[in-house]
Amino acid sequence: STAGQITPVFGYDDDNDAATEPKNTAIIIGYAAAIVPDPGPGPGPAPVTPFSILSVTPTSASLTAENSRKVFTITNTPGGSTAGVTIASGWTLPTLSAPLQMESTNCYASSGSVGLGAPVPMVTKALAVGASCTYTIKYSSAVSARSATLPFTYNNGINSQTTDVAVNWTIYTPPAEAVYSVRFANNNAGVVYKCILNPLNGNIDSCSNASTSPTQLPIGASGIAFNQSRSLVYFTNQNFGQFMNHFISVCPMINTQIDTPNCTTYSGPTPNTTFNAPIGIVLNHTKQKAYIANNGSSTIAVCDIGINGLIINNSCVNKNLPGLEAIGRGYFITLNPDNSYLYVTNGNTANGKVHKCLLNQNDGSVSDCTDAGGSGFVVPAGIIVNSTNTIAYIVNTIISGTGYVSKCTINQQTHNFDTCTQTATNVDNSNGIAIDETGSYVYINHNTSGEVTRCQVDTTSKDLTECIVTTSGLGSNLIGISYY
C-alpha cells in the first residue's frame, strides 16, 4: 500500500468524566509502501485418497414373480488404503419407492427388527473391519417393467463413497400368501402342503401338494424353514427303522413349488449323531448359520451356510453347551426378532421347559443356555416370538385332554419369560406353530387329526382368539409349519 501513518489510542474512562481520569495514551506508527511479490499458483486442494470401504453384494439384482425378494450384504471391506478403518454409524441405506420396499434389515443400531410397516430407525450401526449386515428388499406391486439404482453411501467427513446397485423388475402379480405344513412319514416320503391364505380373514382357502415331484420329498421330513428370498427351503429329516437315517435337506423353490428332485442332503460329520431325530430348524437373519434342535440327543446342531444358501459340507457341529443337559430333548427352536437369543422347547413330559441361549450376532455362535422361566408347559413343542419381541407363543402337545398355547411375556432386560398364561385352549395334540407377516394370525398344526387351526391375535392383549379349524384332511403326523 502507499506510505502513511496510524495513531491508535489506548485509554480508559470509568465514569464518562474525561476531566478527572488519566489522559489517553497515543502511539504513532509509521509505515512505508511495500511491494509484495506475486506468490504464483497455490498448491491447490490436497489429493483425494482412493476411498473404497463399503462393499455391497450382489452388485445387481433381477426381481421376478419367482424371486420377489433380494438380500444384500453390506461389508466393511478390509484391505487397501482404508485397512483398519471402522465405518462409523450414520452411513446411508437406499430410500426405496414403489414397487420396491424394505422387508427387513439388521443394519440399524437400534434394537428390535425392522419390517414392513415398522418405523425405520434413523441411524445405521457402525461396522468394524470385516463386519457386515444385511438389507432385504421386496418387490410387491403389479407394475410395468422398470429398473432403479440403489445407492449405499458412506461419508467419513473427509471423503465419501457411494456404491450403486442396479435393480430391475418385470411385471409381477404377487403370489398368494401361504403356510407350508409338513406331514411326517417314517420310512416314507411324506407330504408338504402349500395352504393358500384368504387375505380378508386369514383362513386357509385350499391346500395342495407343494412338491414338483410328490414321491421324491426327502424321507422323514419334519421341520421346515425358508431363506429370506424364499428361493430355498430347509427340512429336518428323521427316519427310524432298520436303517436309522437322520439328516438335513435343502431344496430349491420354483414358482412356490418345492423342486424335490434337486434337493441336497447333509448328514453331518458324524451321521446320526450330528443330527439325532432333528425336528426344529431356524436360520439366522444373515443366513450364515442354521440351528437345529435334536429331539434324540438334547443338543443343538449349528451349521454354516454358504453364499449360495447351501449348508457347507462337514460344517455342522453338535453343541452340548452348559444348561442344555437339562432340556431332556430338543424339540422346536426359534429366534427372537433381533437374533440376539435362541429359544428351544423341551419335549419332556415330566419336565417341560423352554431354554434360552445367547446368540452372537457377529459370528452366529451359541452360548449361555439357561432356563427361560415361565410355567405351565406340558410337552412344549412349537414356539414363535412376535415381531415386537414382547410375547412368545408355545404349543403344549397334550396327548389326551385339552391342549393349549402358552402366551409368555418376555422381560426386555433378561429376555426370560415373566408370566405365562393359557390361550387358544382347544388345540390338543398339536406340534408346529407359525405367525403371518403382519402378526395378525397364528397357525397351529394338529398332530393326529390332520387339521390346521387359525387363531386371530388380539391387538391389545395379544391373546389368541377366534380360533377355528380352517382346514382338515391333511393326514396325521403334521409337524412343522412355516409362513411363506
Side-chain angles (χ1 to χ4, degrees), residues 71 73-76 89 93 102-116 118-128 130-136 225 227-228 280-293 300-305 317 319 321-324 327 330 332-346 353-374 382-394 407-420 433 435 437 439 462:
V71 182
T73 300
I74 301 96
T75 305
N76 180 350
S89 62
L93 290 168
M102 183 184 70
E103 182 177 57
S104 63
T105 184
N106 62 354
C107 292
Y108 286 111
S110 63
S111 61
S113 65
V114 180
L116 296 178
V120 179
M122 297 303 295
V123 180
T124 50
K125 64 186 179 183
L127 293 176
S132 63
C133 62
T134 59
Y135 177 75
T136 302
N227 67 349
Q228 277 186 304
I281 180 170
V282 66
L283 310 181
N284 72 357
H285 287 195
T286 60
K287 296 299 165 287
Q288 295 170 343
K289 299 285 184 181
Y291 307 96
I292 297 97
I300 295 173
V302 182
C303 302
D304 293 332
I305 297 177
V317 178
K319 295 293 185 181
L321 302 175
L324 278 180
I327 285 181
F332 284 83
I333 191 167
T334 195
L335 289 167
N336 67 349
D338 65 359
N339 291 344
S340 58
Y341 284 91
L342 191 72
Y343 294 92
V344 188
T345 56
N346 151 349
K353 292 182 182 295
V354 177
H355 280 247
K356 173 199 73 178
C357 301
L358 180 65
L359 183 64
N360 186 303
Q361 296 187 64
N362 292 323
D363 62 13
S365 60
V366 180
S367 62
D368 299 333
C369 293
T370 59
D371 188 341
I383 180 170
I384 52 173
V385 175
N386 68 357
S387 62
T388 58
N389 197 31
T390 55
I391 301 292
Y393 297 98
I394 300 100
K407 182 194 78 173
C408 300
T409 57
I410 300 174
N411 186 293
Q412 297 304 295
Q413 280 71 49
T414 66
H415 297 274
N416 287 341
F417 299 154
D418 280 340
T419 58
C420 295
I433 185 171
I435 192 167
E437 190 172 49
K462 304 304 178 184

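Index from 1, following the sequence.
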Do side-chain atoms of N416 reach the backbone of G373 as a donor and acceptor pair under 3.5 angstrom?
-> no

Return yes if some donor-acceptor pair links the side-chain N/O of Q228 with the main-chain N/O of Y135 below 3.5 Å, else return no.
-> no

Result for side-chain contact (heavy atoms from CB on, under 4.5 Å) between I410 and one of T390, V385, T388, N336 points to V385

If you define the side chain from C-beta out and look only at heavy atoms, does anything of [X] sit under 4.5 Å from [Y]?
{"X": "I433", "Y": "F332", "result": "no"}
{"X": "Q288", "Y": "D363", "result": "no"}
{"X": "I292", "Y": "I333", "result": "no"}

Could I get the full list of side chain to side chain contact (heavy atoms under 4.5 Å, CB included) partners for C107, not counting sequence neighbours?
-> I74, W91, L93, T105, C133

For I391, what residues pass the side chain to side chain contact (heavy atoms under 4.5 Å, CB included) criterion, not counting sequence neighbours?
-> N386, Y393, K407, T409, K462

I need the [X] [atom1] to [Y] [atom2] distance, nearest 0.5 Å.
{"X": "L335", "Y": "Y343", "atom1": "CG", "atom2": "OH", "value": "10.0 Å"}
{"X": "L127", "Y": "T75", "atom1": "CG", "atom2": "OG1", "value": "8.0 Å"}
{"X": "D338", "Y": "L359", "atom1": "CG", "atom2": "CG", "value": "9.5 Å"}
{"X": "T414", "Y": "K356", "atom1": "OG1", "atom2": "NZ", "value": "5.5 Å"}
{"X": "C303", "Y": "L283", "atom1": "SG", "atom2": "CG", "value": "10.0 Å"}
{"X": "T334", "Y": "Y341", "atom1": "OG1", "atom2": "OH", "value": "15.5 Å"}

Can you name the nearest heavy-atom pair linking [X] to [Y], along with the distance?
{"X": "C369", "Y": "V366", "result": "SG-CG1, 4.1 Å"}
{"X": "P337", "Y": "S387", "result": "CG-O, 3.5 Å"}
{"X": "G374", "Y": "C420", "result": "CA-SG, 3.6 Å"}

Applying salt bridge (Lys or Arg N to Asp or Glu O under 4.0 Å) to D304 and not counting sequence neighbours gives K289

Residue set satisfying ring-ring contact (aromatic ring centres under 6.0 Å, His included) with Y291, at least two apart, ordered chain then number -> none

For D418, side chain to side chain donor-acceptor pair (under 3.5 Å) partners two or more places apart = N411

For side chain to side chain contact (heavy atoms under 4.5 Å, CB included), just list the numbers for N360 and S367, CA-CA rounded to whole Å, side-chain angles, deciding distance to a tenth of an Å, and then say yes or no.
-> CA-CA 8 Å; N360 186 303; S367 62; over 6 Å; no

Report the C-alpha distance between L342 and I300 in whole Å, list the side-chain angles of each, state the deciding distance to 0.1 Å, and finish with yes or no for side chain to side chain contact (heavy atoms under 4.5 Å, CB included).
-> CA-CA 11 Å; L342 191 72; I300 295 173; 3.9 Å; yes

